[in-house]
Amino acid sequence: MKLLYKSVLIIVLFAANFIFAQNVTHAVLVKGECGMCKERIETTAKKAGAKTANWSASTKILNVEFNESETNLDTVLKKIADAGHDNERYSTTQETYNNLPDCCHYERQPSFLKTEKKDSELQYFVKGNCVSCKNRIEKAALDAGADVAVWDAHTQKITLQLDPSKTSAEAILQKIADVGHDNEMFQSTEKAYKDLPACCVYSRTLAFGEKNPLVHIDEQPSESVARKDFSDHPEHYDNSIEGVTVIKERDATALSRKDVGLTFNISGKELLKAACCNLSESFETNATVDVSYSNAVTGTKQLKMLGLDQKYTSLTKELLPEIRGLASPYGLNFIPGRWIGGIQLTKGGSTVTNGYESITGQINTELLKQSKEPETSLNIFADSNARTEANITHTSNLTPHWSQSILLHGNGTLVKSDHNNDGFLDQPTGTQLNATYLLNYTDLDHSGWATHFGINFLQDKRKAGQVDFDWQKPQISQLNYGVGIDISRFQVWNKTGHIFEGKPYQSIGWMNQFTYHQQDSFFGLRDYFGKQNTFYSNLIFESIFGNTNHKYKTGASFLYDNYDEDYLSQNFKRTETVPGLFFEYTLTGTNYTLVAGARTDFHNLAGTQFTPRLNFKYDFTPKTILRLSAGKGFRTANVFAESQGYFASNRTIEIIPNDGEIYGLKPEIAWNYGASLQQEFQFLGRKSTVVADFFRTDFQQQVLLDLDQSAQKIVFYNLNGTSFANSFQTQWDFTPIRNFEVRLAYKYYDVQADYANGRREVPFMAKHRGFLNLAYATSKNEKGGFWTFDTTLNVVGKQRLPEMGTNPAEFQLPKYSGSFSTLNAQIAKNFNDKMRVYIGGENLTSYTQNNPIIDAANPFGNYFDGGMVYAPIMPAHIYLGFDVKF
């Protein structure tokens, strides 16, 4: 009976095998680039006997179906190789490859073909960077049925041992792609790729077999082997890894090794190290950006980078122009910290695709987008100076392709404070209401389309001046000095992009934004009213020359600015229209990348401007990186908006015209040159990074703000001579023990200009600055709870102060300020991943500037000046906050 059963079973299996052998389907890897490749590959396969053939340029996979009685896979792939396309089993001849059209020249690799070590052992290329990638790739292979899986970061290969009767290489590689890793047979989805931790985000442009400069594993080869019998015992699996260095899944601030420019990616983790109520406070733990101290009357802060004022840095939101024009003095307060999903900070000239205004660098802010699951967050904040705020953020998926973000913010300072008893408020009182709605559509994997809509409304009101100012009376009818600022702002924007089918390297994007900004304000008897309407549009097309080692971007932009300003009794109106064209070429080699771009802008008031930019990155080793940059930028100065910090004074504004079309002044032009060296090494057995950079900026026609001619004047005029800024910074990031991060930096600035009275150092700029940030986090408990401790020390050297010799001696400033230090600290308790409480202190050294307001007792006299601020004016204060997620 048993013999009969076995005989019947053999007959059934043989019959089934015969039936299914009539039509079989295979997924095989075939090299190619474009639509012409697709047509050639599919046509050749059909001529070789295939019933159907479908090849994807994005995955390089050919799905082919044929009748085994008519042809076989060897025959099909041999014919495809004869037509010019390398594949899993056969390579074409060099002559045939050379005869292909240029657009069809794919990246050839001698080691492209899979190699068989023995019948059950195979090797395939799988992309990844670090030990986290290794764990993920090998676990996915084991889960898919592999008996043994070993992935090597340096060769980018996985070695598999498997039982063909239980699984297949195709099934294993598909599983590996599903968890986020591109391989020879399958490409990961965009969502799985983006969900990888920051350390695992490999370059998708590198060809298989090409050296990966982002590898995060020690040079010594790993002896680890992931075996199937470990998969049920995670403790054995984890301990089986030898010779590797584990790095954090996501650094709070990461210096990108793949970017050509010196770019720091600041994550939400970094922003939680300090109060971070708005963008101006988002850089307290960052050594690159200097934050000036609040103006004594208006309470505003300004950023400085490479030794130059904020106006020379391109400040964007979602890569769209954000803080510029009339928004310059207060715009940093318009982006709440809890709305920020991440910040990209680039030193030196940025890409020409983002415009012509960037001179010292670019700071781009990304708002919170959708998460895997719907999430609502509430943040409540208050400090000892009676400043309070509340933030509500909500992200959710509406459909598989549509998602939304709702961002709400409100803050208020309702209590008057005057710690130094000079009769003036130390900070303005007032309120802000801010609301944004974001709608996102993503279907890049199928239709190739994605779009993003945003709308924002803001109302910001602040009151400052003397404590006894009566807000029920007009300024003209009382002796007390008041400042009132009322800002309304509305924005709507859209970004739409498309990736062409079968051409993952080719895309087109179009960005549009409209901004309305209105400010009504008075500073004592000085009135200032301003309106700005701005429309911005940018169209970018990206593709390749031949292969992905030669990429290019080209497009056109248009900027429309309409300004209407009233200062005292004078009205200043102007309309700027700026159509522009740009082109950028990227050359990628084995260990270098060159980005060369240029744009031409046809400014109706400033004339035609040509702006070239060049960036170069050379990897001596994966851990030693040299960057060089050079570029030109230009901008038109908004002299009233950008100098409002000096409005609360007796100084009159004088503009010396220079035959220009904007306030009688010509546009500012500057060249920026930079070099940096990034070195990673092991310190105390852990990852450590040192970066040293030097940048120089040379101006032509700079609009100088001269505070030295007279203590009763602010004089604006175009540079006639030399103006330069030299910036040197060295920064060391290291982790001496687990969970303890140290950031140590030193900065040197030499900033000088030829003023009307001779060459001088630019005021309010310290030559020497020191920086230290310490961050420690405890290990998570079983509920996911942990503590974090953060502290930041800033040491500021002496600064040149404006010449005030026309004032009486008691109302003059010394030639240089003294040096000083400030200390901030914060402690946070994360009860789990949903609830967090934090308490912190700012300016814990309580260093404050003596008499920040000159002649405060006589605000309408000749010597009153509230703009000479070079140090903190608020003593130590404590804040408390609470975060909860639903």
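The analysis underlying the following values was restricted to heavy atoms, covering all of them including side chains, and did not include hydrogens, waters or symmetry mates.
A 4.5 Å side-chain heavy-atom check between Gln849 and Val869 finds at least one atom pair inside the cut-off. Using a 4.5 Å heavy-atom cutoff, the side chains of Ile487 and Phe334 are in contact. Proximity of Asn456 to Asn434: side-chain heavy atoms (C-beta onward) are separated by under 4.5 Å at one or more points. With a 4.5 Å cut-off on side-chain heavy atoms, Gln752 and Asp750 count as touching. Within the 4.5 Å cutoff, the side chain of Asp520 has no heavy atoms near those of the Ile485 side chain. Within the 4.5 Å cutoff, side-chain heavy atoms of Phe764 are placed close to those of Pro802.
No side-chain donor from either of Asp468 and Asn480 sits under 3.5 Å from a side-chain acceptor of the other. A donor-acceptor contact under 3.5 angstrom links the side chains of Asn411 and His409, judged on distance only. In this model, a donor atom of one side chain and an acceptor atom of the other lie less than 3.5 Å apart for Thr313 and Thr360. Side-chain atoms of Ser417 and Asn385 include no donor-acceptor pair closer than 3.5 Å. Looking at Tyr663 and Glu565, their side chains do bring a donor and an acceptor atom within 3.5 Å of each other. Counted by atom type alone, Tyr567 and Arg526 present one or more donor-acceptor pairs between their side chains at under 3.5 Å. Under 3.5 Å, the side chains of Glu284 and Asn286 contain no donor-acceptor pair of N or O atoms.
Checking side-chain atoms of Arg651 against main-chain N and O of Ser710 turns up a donor-acceptor pair under 3.5 Å. Between the Gln302 side chain and the Ser328 main chain, a donor and an acceptor come within less than 3.5 Å of each other. Judged by distance alone, the side chain of Ser488 and the main-chain N or O of Gln518 form no donor-acceptor pair under 3.5 Å.
Seen from the ring of Tyr312, Arg635 counts as a face-on cation partner, given the 6.0 Å and 45° thresholds.
Checked against the 6.0 Å centroid threshold, Phe523 and Tyr528 do not count as a close aromatic pair. Taking the six-membered ring for Trp and the full ring otherwise, the centers of Phe724 and Phe699 sit at least 6.0 Å from each other.
Atom CG of Asp470 sits in a crowded spot, with more than 12 heavy atoms from other residues, nucleotides or ligands closer than 6.0 Å.
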Between Phe558 and Asn538, is a side-chain contact (heavy atoms from CB on, under 4.5 Å) present by the stated rule, with each step listed? CA-CA 7 Å; Phe558 179 75; Asn538 196 15; over 6 Å; no
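Relative orientation of the Phe864 and Tyr481 rings is tilted, given thresholds of 30° and 60° on the angle between their planes.
Residues Arg800 and Asp708 are paired through a salt bridge, judged by an N-O separation under 4.0 Å between the basic side chain and the carboxylate.
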